[in-house]
Amino acid sequence: MNQLLQWKWEMLAPLLGVLLTLAFAPYGFAYVACFSLACFFQFCIVQSPLRAAFRGYLFGLGLFGSGIWWVYVSIHDFGGASPVSAGLLALCLVALWAVFPALTAFLSAKILTWFGVWLRIFAVALIWVAVEYLRGNWLLNGFPWLQIAYSQLDTPLAGFVPLVGIYGVGFLLAASSVALAEVLRRKLMPLHGLLLVCLIWGGGWLLTGVPWSHAIGAPIKVALLQGNIAQDQKWLPEQMMNTLNLYQRLTEQHWDADVIIWPETAIPAFYSDVKDFFLDPLAAVAREKNVDLVVSVPTYGAGKDYYNSVMTLGSSEAFYHKNHLLPFGEYLPLQPLSGWVLDQLQIPLGDFAAGDDTQTLLQAGGYPFVTTICYEDAFGELVIRQVEKAAYLVNVTNDGWFGDTSQPYQHMQIAQMRALETGRYLLRATNTGLTAIVTPDGKISQQAPLFTTTALTGSILPMSGLTPYAKLGDGWVFAGLLGWVMLVFGLTSAGKFWL
């Protein structure tokens, strides 16, 4: 029995990872994130950092195994792979991303045995978000799913989002969790831990509702179309005209709107194939009705390049080409190895080209807007680099690849954070759901349910003004966090950290 108890953290680690998943949508038990993370930092207190890394890896298997299991659905149900091939690839992805909690645990174990309690709290919190940043922006073009800040969208910590973005909020949540762990270890007085948590969470509560942006014009009436085209039917040649007719019919029912937005690749054909007989006549009617259309259609580029694109029709005609591509979905990293492996598994995937880093903003309803296509809305810095010129945000998505799983809800939560970070309305049109209008405080004002054919209508206000995060970006946020940790190091070294 005693030998079994020595491995209690190894047995609990995967369950704690699953528990952290419950903090995210659609479950919404946001506060369990603090408990799960506190336990995570507890099991980093071992003599061997390698054992801490092993525990962290088991934690990661629980987190990503329960949090992104829907990858199997996209590969098998809609990608056409066999159950074995889809399962192997899904397991490989879970195993890969579990490396990052392992790295966090390894580095935290080092820090937790080197320094005093106050420096440990903030240094370990910095390690957590630094590793999240590495995972979210670098490896395989970045995978920012299940970053802990997204779970706090409906807690007082959300008040900090316009100031410091998701990594700053992740730092504050991690610091709260490490403080709780230190209290449980009796290394930090409960009163001091309570004071720190109250300062962090109370500060977020005070910041909630601060208006970081302001309206600059009259309301814009919008209609967001949700065609609900089944993914296994979407690209069948015999279904193309049915799809085009559906979106044309939904559009014609809402000519009273100022802006009508279609979801990602709503047109299942290349622009050049549908321009003359479909898009040009539709654009002519839009101009006559004084309505701007935002539609999504694949386009050809130079040579063999082709793009996942969004275009405007009506008062202006312009294109945005998706810049941040989805690895293994829209392009194949680690070529030629990845291409060979996927060929052996008989998994067909796309190979799109990426649009330029800086593209002219599209305009509809009389104002420019920032465009993101599907996965791009998971990258805050991609949005803020042009938001100063934009009056609102538009995201077009097709989450039909993931069926009735937790993925569309997790993706919606991520999209909401972009509105809160920038102080802008977000218009989100999706193929199968969740289509929504998000207010500048990150709240959903209207939302269409999954798997319904509908048009979501409402009004938004064009906004101006920059949040502190939109001005500074993640680089300055990390510089500030590092500066704070160095300050604490200096104060504790000098014996002047009075707590």
Side-chain angles (χ1 to χ4, degrees), residues 78 222-255 257 259-323 325 329-330 348-355 359-360 362-364 369 371-374 376 394-401 427 429-432 435 453-455:
F78 302 109
V222 300
L224 314 179
L225 308 188
Q226 182 172 295
N228 192 35
I229 308 296
Q231 193 59 40
D232 57 1
Q233 299 292 310
K234 184 178 176 72
W235 293 99
L236 296 177
E238 62 269 24
Q239 290 296 323
M240 185 184 76
M241 290 309 303
N242 291 335
T243 299
L244 296 181
N245 290 334
L246 169 64
Y247 279 105
Q248 182 171 3
R249 185 169 65 253
L250 289 172
T251 298
E252 289 171 347
Q253 293 170 1
H254 295 89
W255 284 129
V259 178
I260 302 174
I261 303 176
W262 299 13
E264 181 186 13
T265 55
I267 299 174
F270 281 94
Y271 169 74
S272 57
D273 297 331
V274 295
K275 178 183 183 299
D276 293 336
F277 81 92
F278 183 72
L279 289 177
D280 285 350
L282 190 64
V285 178
R287 287 191 294 270
E288 178 185 337
K289 301 289 186 180
N290 196 30
V291 177
D292 288 317
L293 302 181
V294 180
V295 303
S296 183
V297 57
T299 58
Y300 286 114
K304 296 182 180 180
D305 288 344
Y306 56 95
Y307 301 101
N308 188 351
S309 304
V310 168
M311 69 173 301
T312 52
L313 299 170
S315 61
S316 65
E317 183 173 312
F319 290 88
Y320 168 78
H321 305 306
K322 188 173 183 180
N323 172 256
L325 301 179
E330 292 172 317
L349 294 173
D351 194 12
F352 285 87
Q359 301 180 54
T360 302
L362 300 181
Q363 184 165 310
F369 59 88
T371 308
T372 54
I373 300 176
C374 198
E376 288 185 311
V394 169
N395 173 252
V396 297
T397 285
N398 177 26
D399 283 335
W401 287 98
L427 302 175
T430 69
N431 176 27
T432 56
T435 296
T453 301
T454 188

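Quick caveat, the model's predicted, so the values are computed rather than measured.
The backbone N or O of Phe270 sits nowhere less than 3.5 Å from a side-chain atom of Tyr300 that would complete a donor-acceptor pair. Using a distance-only test at 3.5 Å, with no hydrogens or angles considered, no donor-acceptor pair links the side chain of Gln239 to the main chain of Gln233. Between the Thr371 side chain and the Val394 main chain, no donor and acceptor come within less than 3.5 Å of each other. Between the side chain of Asn395 and the backbone N or O of Thr372, at least one donor-acceptor pair lies under 3.5 Å. When atom types are taken as modelled, the side chain of Thr453 and the backbone of Gly227 share a donor-acceptor pair closer than 3.5 angstrom. Of the possible donor and acceptor atoms, none in the side chain of Gln359 sits under 3.5 Å from a partner among the backbone N and O of Tyr320. Proximity of a side-chain donor or acceptor of Glu376 to a complementary backbone N or O of Asn323 within less than 3.5 Å is detected. Judged by distance alone, the side chain of Lys234 and the main-chain N or O of Gly400 form no donor-acceptor pair under 3.5 Å.
Proximity of Lys322 to Cys374: side-chain heavy atoms (C-beta onward) are separated by under 4.5 Å at one or more points. By the 4.5 Å heavy-atom criterion applied to side chains, Ile260 and Trp255 are counted as neighbours. Within the 4.5 Å cutoff, side-chain heavy atoms of Thr312 are placed close to those of Phe369.
None of Val294, Leu224, Ile267, Val396 except one satisfies the side-chain contact (heavy atoms from CB on, under 4.5 Å) rule with Trp262; the exception is Ile267.
The OG1 atom of Thr397 sits 11.0 Å away from the CD atom of Gln226 when rounded to the nearest 0.5 Å. Atom NZ of Lys275 and atom CG of Asp280 lie 3.5 Å apart (nearest 0.5 Å). Note that OG1 of Thr251 and CG of Leu246 are 9.0 Å apart. Values are rounded to the nearest 0.5 Å. Of the inter-residue distances, the one linking Asn245 atom CG with Glu252 atom CD reads 9.5 Å to the nearest 0.5 angstrom. Between atom CG of residue Asn398 and atom CD of residue Gln231 there is a gap of 4.5 Å, rounded to the nearest 0.5 Å. Expressed to the nearest 0.5 Å, how far CE of Met311 lies from CG of Leu279 amounts to 6.0 Å.
Taking the six-membered ring where the residue is Trp, Tyr307 and His321 present parallel rings, their angle staying beneath 30° rather than reaching 60°.
Between Ala269 and Val274 the shortest heavy-atom distance is CB-CG1, 3.8 Å. Here the closest heavy-atom approach between residue Met240 and residue Pro268 is recorded as CG-CG, 4.0 Å. The two residues Leu282 and Gln248 make their nearest non-hydrogen contact at CD1-CG, 4.5 Å. Here the closest heavy-atom approach between residue Ser296 and residue Thr265 is recorded as OG-N, 2.8 Å. Across all non-hydrogen atoms, the minimal contact from Ala364 to Val259 is C-CG2, 3.8 Å. Between His254 and Leu250, the shortest heavy-atom distance links the atoms ND1-O, 2.9 Å.
Taking Asp292 as the reference, nothing meets the salt bridge (charged side-chain N to carboxylate O under 4.0 Å, His left out) condition, with sequence neighbours excluded.
Taking the six-membered ring for Trp and the full ring otherwise, Tyr271 and Phe319 have centroids separated by under 6.0 Å.
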